[in-house]
Participant: 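Please read through the structure below; I'll follow up with questions.
Model, not experiment: these values are computed from the prediction.
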Amino acid sequence: MRVLCVVLLSQFLLAASTAQQPAADAQSLTSYCNFSDDNQVSVQYSAARKEEPQNGKVWTPGGSAPVLFVQTPLMLNNVQIPIGGYTLYVIPGRKNWTLIVSKNTAVGAKYNESQDLVRANMDTAQLPENADTLHVSFEHSAPKTCGLRLDYGKTAAFGANFLEK
């Protein structure tokens, strides 16, 4: 009887651990930017190709909102972003994109405009080569400034500058 219980328990645990592993195509990546005083801002995101962006509609690249981690108070569009975690959403447009920093950090939650902390316009340019998956990077443009860049498809969106307060 004990052997049967041990076998059943081990099969259950194996099945449970397998169910919690991310799918093979769900590639989680993180981009960082370090300020001159060793504080950091980072974005964790999925590079999986889930849905195509549509002009004027909120887009969650990779099927889930990227997560912004802030280790020091920041400013974006003259709005303070306190230390903590946030989700990022994007609204693609024909001439520019809008970056949304949301206070909602519930995993898998749908976008809720009432949770917006700040929005920032992002300029766009055409990439020389198609980016098949989302690529997030930072440009360290000054000791206390980190500019966010998003590349997807034929579009590069940039110009959302996080300023260390």
Participant: In terms of heavy-atom contacts, does CD of E52 have more than 12 from other residues, nucleotides or ligands at under 6.0 Å?
Facilitator: yes
Participant: Can L29 be reached from L68 by stepping across I, L, V, M, F, W or Y side chains whose heavy atoms are under 4.5 Å apart?
Facilitator: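 Per the 4.5 Å side-chain linkage, L68 and L29 are co-clustered.
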Participant: Hydrophobic clustering (ILVMFWY, side-chain heavy atoms < 4.5 Å, transitive) - are I100 and V118 grouped together?
Facilitator: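 Looking at the clustering, I100 is in a separate group from V118.
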Participant: Kindly compute the distance separating OG (S36) from NE2 (H140), expressed to the nearest 0.5 Å.
Facilitator: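 Going from the OG atom of S36 to the NE2 atom of H140 covers 6.5 Å.
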Participant: Say you draw a straight line from OH of Y45 to OG1 of T30; how long is it, rounded to the nearest 0.5 Å?
Facilitator: 8.0 Å
Participant: Looking at side-chain heavy atoms only, is the closest gap between P61 and P66 below 4.5 Å?
Facilitator: yes
Participant: Do other residues, nucleotides or ligands put more than 12 heavy atoms under 6.0 Å from K154 NZ?
Facilitator: yes
Participant: Could you tell me if the side chain of E113 sits less than 4.5 Å from the side chain of V58, heavy atoms only?
Facilitator: no
Participant: Judged by atom type as modelled, is there a donor-acceptor pair below 3.5 Å linking the side chain of N77 to the main-chain atoms of R119?
Facilitator: yes
Participant: Under a 4.5 Å cut-off applied to non-hydrogen side-chain atoms, are L99 and M122 in contact?
Facilitator: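 Yes, at least one pair of side-chain atoms sits under 4.5 Å.
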Participant: Measuring from atom CG of N39 to atom SG of C33, what distance do you get when rounded to the nearest 0.5 angstrom?
Facilitator: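 Nearest 0.5 Å value for the CG-SG distance: 11.0 Å.
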Participant: Just so I know, are the side chains of W59 and K57 near enough to count as touching, which here means a heavy-atom distance under 4.5 Å?
Facilitator: no
Participant: Do L117 and W97 land in one hydrophobic cluster if side-chain heavy atoms of ILVMFWY residues count as linked below 4.5 Å?
Facilitator: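 Yes; tracing contacts between hydrophobic side chains, which count when under 4.5 Å, links both residues.
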Participant: Taking atom types as modelled and ignoring hydrogens, do the side chains of N34 and Q40 form a donor-acceptor contact shorter than 3.5 angstrom?
Facilitator: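 Indeed, the side chains of N34 and Q40 share at least one donor-acceptor pair under 3.5 Å.
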Participant: Return yes when atom CG of N78 has more than 12 non-hydrogen atoms of other residues, nucleotides or ligands closer than 6.0 Å, and no otherwise.
Facilitator: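 No, the 6.0 Å shell around CG holds no more than 12 heavy atoms from other groups.
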Participant: Locate the shortest heavy-atom distance separating A156 from D151; write the atom from each residue and the value.
Facilitator: CB-OD1, 3.4 Å
Participant: What distance separates C146 SG from E139 CD, expressed to the nearest 0.5 Å?
Facilitator: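 Between atom SG of C146 and atom CD of E139 there are 9.5 Å.
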Participant: Under a 4.5 Å side-chain heavy-atom rule over Ile, Leu, Val, Met, Phe, Trp and Tyr, are L74 and V136 clustered together?
Facilitator: yes
Participant: Rounded to the nearest 0.5 Å, what separation is found between the CD atom of Q44 and the OG atom of S64?
Facilitator: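 Between atom CD of Q44 and atom OG of S64 there are 9.0 Å.
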Participant: First locate atom CG of D123, then atom CZ of R149, and finally report the distance between them rounded to the nearest 0.5 Å.
Facilitator: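 Separation between the atoms: 11.5 Å.
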Participant: Where do F138 and V43 land on the side-chain contact (heavy atoms from CB on, under 4.5 Å) test, with the steps shown first?
Facilitator: CA-CA 9 Å; F138 284 99; V43 174; 3.7 Å; yes
Participant: Under a 4.5 Å cut-off applied to non-hydrogen side-chain atoms, are L163 and L76 in contact?
Facilitator: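 No. Closest side-chain heavy atoms not under 4.5 Å.
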Participant: For a quick test of your reading: what N or O donor-acceptor pairs under 3.5 Å do the side chains of residues 79-95 make, sequence neighbours left out?
Facilitator:
residue	atom	partner	partner atom	Å
Y86	OH	P82	O	2.8
T87	OG1	N104	O	2.6

Participant: Would you say that Y111 contacts T60 through its side chain, given a criterion of any heavy-atom pair below 4.5 Å between the two side chains?
Facilitator: no
Participant: Distance alone, cut at 3.5 Å: any donor-acceptor contact between the side chains of N130 and D132?
Facilitator: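 D132 and N130 do have a side-chain donor-acceptor pair below 3.5 Å.
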Participant: Within the 4.5 Å heavy-atom criterion, are F35 and T72 side-chain neighbours or not?
Facilitator: yes
